[in-house]
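Report on the structure given below.
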Amino acid sequence: MKFFDEGVKLFQCVGDRDVVTWNVLVMGFVQNDKFEEACNYFWVMRREGILPDEASFSTVLHSSASLAALHQGTAIHDQIIKLGYVKNMCVLGSLITMYAKCGSLVDAYRVFEGIEDHNVISWTAMISAYQLHGCANQVIELFEHMLSEGIEPSHVTFVCVLSACSHTGRVEEGLAHFNSIKKIHDMNPGPEHYACMVDLLGRAGWLDEAKRFIESMPMKPTPSVWGALLGACRKYGNLKMGREVAERLFEMEPYNPGNYVLLANMCTRSGRLEEANKVRRLMGVNGVRKEPGCSWIDVKNMTFVFTAHDRSHSSSDEIYKMLEKLEKLVKKKGYVAETEFVTNSLEENEEEQGLWYHSEKLALAFGLLTLPIDSPIRIKKNLRTCGHCHTVMKLASKIFDREIIVRDINRFHRFADGFCSCGDYW
DNA sequence: CTAGGGTTAG
């Protein structure tokens with residue numbers, strides 16, 4: 001936002017700031033993805049003795065949700081109860097989302113079931129909460145429940161329902177829901193619904209049908225529509241279509257590193273190392289840099305950050321020893337590393353050994369070393385989790401009999417007893 | 001001034 005800084009300056013000039021003035025400031029931070037600042041200013045407002053209203057709470061909960069800051073979100077919830085805003089639908093909707101995005105599905109549901117008079121947003125917030133946690137069956141169940149209560153779904157509801165179908169391979173059902181958008185609910189499907197359908201068909205392996213679906217769109221396909229198809233090409237190793245699709249994406253959004261990474265990895269996987277290098281060079285030419293992968297873990301009220309091959313931590317030696325131990329145990333279980341797993345790595349032909357030092361594994365080792373035996377290991381990551389890490393997390397949950405929860409950029413993975421809640425679809 | 005998302009310019 002061009003005028004954001006001006007707005008902040010203006011705020012500083014206002015002598016008599018009431019709650020609305022503060023809300024506008026905090027919302028400005030949220031709209032510019034500055035969630036930490038948003039939260040900080042909320043607390044500054046509190047210290048200045050201003051009582052928050054419904055709007056302040058909805059906004060600050062949105063920030064806590066985006067930061068996955070459960071501790072803070074819970075503190076806000078306490079204040080909401082104290083100040084008596086527990087009937088406001090915006091606040092309740094934000095609470096559901098906050099708990100879901102902070103990893104606590106049970107708390108999200110507790111808020112949801114306490115609501116007397118649901119609207120489409122509270123239903124959708126809970127449906128989306130299930131979707132985020134990979135509970136596709138509950139998504140469909142709640143959606144049907146919502147319809148039976150006579151609530152009209154929204155565009156957003158359909159995004160969740162179609163994604164759930166996609167993640168569980170329910171092609172027919174997804175198509176039926178998609179058609180119902182127009183036929184039954186008298187709405188026009190938007191590009192986001194087409195993106196879901198392309199994903200649905202593509203994941204099921206129907207690449208040509210997915211492409212035809214795009215061609216049938218009554219509007220210009222957005223990058224996420226093509227992105228869904230590119231993901232499918234990667235999954236099925238269709239380099240020919242993948243190239244074409246990636247070309248379009250490079251034109252539409254030359255600054256999105258994800259597309260380059262996907263194509264480069266597809267090339268590597270089909271043994272075309274030279275072409276993979278070419279894609280990496282193109283990325284450099286276009287001035288794009290991949291965001292480095294990075295993982296966080298909270299131990300005793302402290303946040304520890306790891307990057308791949310990180311040796312900066314004071315107990316680095318123990319961490320690496322722990323990883324070696326993990327590697328031995330995992331291999332004893334018969335796991336053979338598949339280097340083509342390097343989904344979001346850009347390293348040139350990364351060797352197997354390199355995979356073992358991805359940031360989330362370092363965080364895992366640190367968690368295993370420092371957290372009490374009965375507490376879940378909660379890790380946050382800034383990118384999509386890679387296939388190697390995903391497999392190792394599953395095995396580690398079984399080997400160490402630990403619950404491991406990883407929140408990647410898109411969703412939660414809850415690993416327990418050798419399985420992941422995402423059902424290996426992510 | 002506020003909530004749900006795979007939105008977001010012909």
Side-chain angles (χ1 to χ4, degrees), chain A residues 1 7 11 14 17-31 38 41-42 45 50 52-66 73 76 80 85 87-101 108 111-112 115 118-132 139 142-143 146 151-167 174 178 187-200 202-203 218-232 252-253 256 258 384 409-411 426:
Chain A
M1 224 352 173
F11 173 85
V14 179
R17 298 166 192 156
D18 63 1
V19 63
V20 176
T21 321
W22 277 98
N23 288 349
V24 172
L25 177 80
V26 175
M27 282 166 44
F29 283 111
V30 170
Q31 274 162 17
Y41 279 99
F42 174 84
M45 174 182 100
I50 307 282
D53 65 4
E54 302 88 324
S56 337
F57 282 126
S58 302
T59 310
V60 74
L61 283 171
H62 183 101
S63 315
S64 316
S66 305
I76 305 283
I80 290 168
Y85 285 115
K87 296 276 173 205
N88 181 276
M89 285 308 280
C90 286
V91 171
L92 290 164
S94 321
L95 273 172
I96 295 173
T97 305
M98 182 278 290
Y99 279 122
K101 293 205 170 163
V111 175
F112 174 78
I115 297 176
H118 283 286
N119 64 16
V120 58
I121 295 185
S122 62
W123 280 103
T124 305
M126 194 60 225
I127 288 171
S128 144
Y130 280 132
Q131 172 55 18
L132 189 65
V139 169
L142 209 59
F143 175 65
M146 170 182 163
I151 306 283
E152 267 302 295
S154 72
H155 285 252
V156 181
T157 322
F158 277 111
V159 168
C160 302
V161 170
L162 296 176
S163 312
C165 291
S166 170
H167 292 314
F178 180 83
M187 300 189 291
N188 289 314
E192 65 271 42
H193 304 113
Y194 280 91
C196 292
M197 292 310 290
V198 170
D199 187 53
L200 175 78
R203 275 182 200 262
M219 73 285 275
K220 188 176 180 276
T222 54
S224 69
V225 174
W226 289 113
L229 186 58
L230 183 59
M252 294 175 86
E253 41 172 28
N256 182 348
R384 182 179 180 276
I409 193 162
N410 294 319
R411 60 175 49 255
W426 81 94

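Residue numbers begin at 1 in each chain, while the letters A, B, ... track the order of the sequences. Values in this document were obtained by computation on a predicted structure and should not be read as measured data.
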Rounded to the nearest 0.5 Å, how far apart are [atom1] of [X] and [atom2] of [Y]?
X      : Y      : atom1 : atom2 : answer
A:D53  : A:S58  : CG    : OG    : 8.5 Å
A:Y41  : A:N23  : OH    : CG    : 15.0 Å
A:T157 : A:I151 : OG1   : CD1   : 10.0 Å

What is the minimum heavy-atom distance between A:S122 and A:M89, and which atoms define it? OG-CE, 3.7 Å

Atom [atom1] of [X] and atom [atom2] of [N]: how far apart are they, to the nearest Å?
X     : N     : atom1 : atom2 : answer
A:I80 : B:dA3 : CD1   : P     : 13 Å
A:M45 : B:dT2 : CE    : C1'   : 12 Å
A:Y85 : B:dC1 : OH    : C1'   : 13 Å

Are A:F143 and A:W123 an aromatic pair by the rule of ring centers under 6.0 Å? no

Tell me if the centroids of the rings in A:Y194 and A:F178 come within less than 6.0 Å of each other. yes

Any chance you could list the contact pattern along nucleotides 4-10 of chain B? Use B for base contacts, S for sugar-phosphate-only contacts and - for none, protein heavy atoms under 4.0 Å, 5' to 3'. BBBSS--

Side-chain-base donor-acceptor pair under 3.5 Å for A:N88 and B:dA3: no

Which is true for A:D53 with a 4.0 Å heavy-atom rule: it touches a base, it touches only sugar-phosphate, or it touches nothing? base

At under 4.0 Å between heavy atoms, what does A:M89 touch on the DNA or RNA strands: base, sugar-phosphate, or nothing? base

